Amino acid sequence: QVIRQMEGTGLIGQITGMDAEKSFDLSLFCGDRLEILLGGTEELEYKIQYLQVVLEGLDPYQAGTIDLTFDQERVAVFSQWE
């Protein structure tokens, strides 16, 4: 379902790995640079669109975690790694 939502977005080429062991705790990886926490599949289309916007706003040197689980609010949170 995640891959289907990403088709045509241009994101597929950036994703190097995926943790889908638990359907309610999905994670994507962009090399060693980014970990993307999706949570479950609810609002998946919106999360993928939101992810595109977040990625466009990041500088190429930035590395960290993008939290799209919407646990607190319906806002993406980027936490830069040190």
Side-chain angles (χ1 to χ4, degrees):
Q1 189 176 8
V2 174
I3 293 170
R4 197 170 344 145
Q5 288 292 330
M6 295 179 84
E7 288 177 348
T9 65
L11 293 174
I12 286 286
Q14 297 179 46
I15 303 301
T16 58
M18 180 175 171
D19 180 355
E21 187 175 321
K22 300 174 188 164
S23 64
F24 58 88
D25 190 21
L26 302 171
S27 299
L28 303 173
F29 303 94
C30 295
D32 294 335
R33 185 176 154 239
L34 296 170
E35 177 182 24
I36 302 155
L37 308 177
L38 291 176
T41 56
E42 61 281 339
E43 297 187 86
L44 189 56
E45 183 177 354
Y46 176 74
K47 289 178 182 181
I48 299 300
Q49 291 172 351
Y50 202 158
L51 175 59
Q52 285 181 281
V53 173
V54 171
L55 290 174
E56 289 171 6
L58 292 178
D59 289 324
Y61 65 85
Q62 288 182 289
T65 301
I66 300 170
D67 188 340
L68 292 165
T69 59
F70 302 146
D71 282 343
Q72 305 284 323
E73 298 178 44
R74 204 166 179 232
V75 175
V77 177
F78 176 72
S79 302
Q80 191 160 326
W81 297 334
E82 294 186 27

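Nothing here was measured: the structure is a model prediction, and the numbers come from that model.
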For atom CD of Q80, is the number of surrounding heavy atoms from other residues, nucleotides or ligands below 6.0 Å larger than 12?
-> yes

For the atom pair CZ (R4) and CD (E7), what is the distance rounded to the nearest 0.5 Å?
-> 8.0 Å

Can you find a pair of side-chain heavy atoms, one from I15 and one from I3, that are under 4.5 Å apart?
-> no

Point-to-point distance, once rounded to the nearest 0.5 Å, from CG of L51 to CD of E56 = 10.0 Å

Which distance, rounded to the nearest 0.5 Å, do you find between the CG of L44 and the CD of Q49?
-> 10.0 Å

Going by heavy atoms in the side chains, are F70 and E42 under 4.5 Å from each other?
-> no

Evaluate side chain to side chain contact (heavy atoms under 4.5 Å, CB included) for L11 paired with Q14, printing each intermediate quantity in order.
-> CA-CA 5 Å; L11 293 174; Q14 297 179 46; 3.9 Å; yes

Closest approach of T16 to C30 (non-hydrogen atoms, all atoms of both residues) | OG1-C, 3.7 Å

Just wondering, are more than 12 heavy atoms of other shown residues or ligands nearer than 6.0 Å to CD in E45?
-> no

Which distance, rounded to the nearest 0.5 Å, do you find between the CD1 of I36 and the CG of D67?
-> 11.0 Å

Check: K47 side chain, T41 main-chain N or O, donor-acceptor pair, under 3.5 Å = no

Are I12 and M18 linked, directly or through other ILVMFWY residues, by side chains that come within less than 4.5 angstrom of each other?
-> yes

Hey, any chance L28 and L37 share a hydrophobic cluster, counting ILVMFWY side chains that come within less than 4.5 Å of each other, even indirectly?
-> no

Exceeds 12 heavy-atom contacts within 6.0 angstrom, atom CG of D32 = no

Derivation and outcome, side chain to side chain contact (heavy atoms under 4.5 Å, CB included), residues L55 and I66 = CA-CA 9 Å; L55 290 174; I66 300 170; 3.8 Å; yes

So do the side chains of L58 and L34 get within less than 4.5 Å of each other, counting heavy atoms only?
-> yes

For the hydrophobic clusters of this structure (ILVMFWY residues joined by side-chain heavy atoms under 4.5 Å, transitively), does one cluster hold both Y46 and V77?
-> no

Roughly how far, to the nearest 0.5 Å, is the CD atom of Q5 from the CD1 atom of I48?
-> 7.0 Å

Identify whether W81 and F78 are in the same connected component of the hydrophobic contact network (ILVMFWY, side-chain heavy atoms under 4.5 Å).
-> no

Measure from the side-chain N and O atoms of Y50 to the backbone N and O of A76, and report whether any donor-acceptor pair falls under 3.5 Å.
-> yes

Establish whether F29 and V54 are linked, either directly or via other cluster members, by ILVMFWY side-chain heavy-atom contacts under 4.5 Å.
-> no

What's the spacing between L38 CG and F24 CZ if we round to 0.5 Å?
-> 14.0 Å

Quick check: does any side chain N or O of D25 sit under 3.5 Å from a backbone N or O of S27, one acting as donor and the other as acceptor?
-> no

Under the 3.5 angstrom rule, does the side chain of R33 hit a backbone N or O of Q62 as a donor-acceptor pair?
-> yes

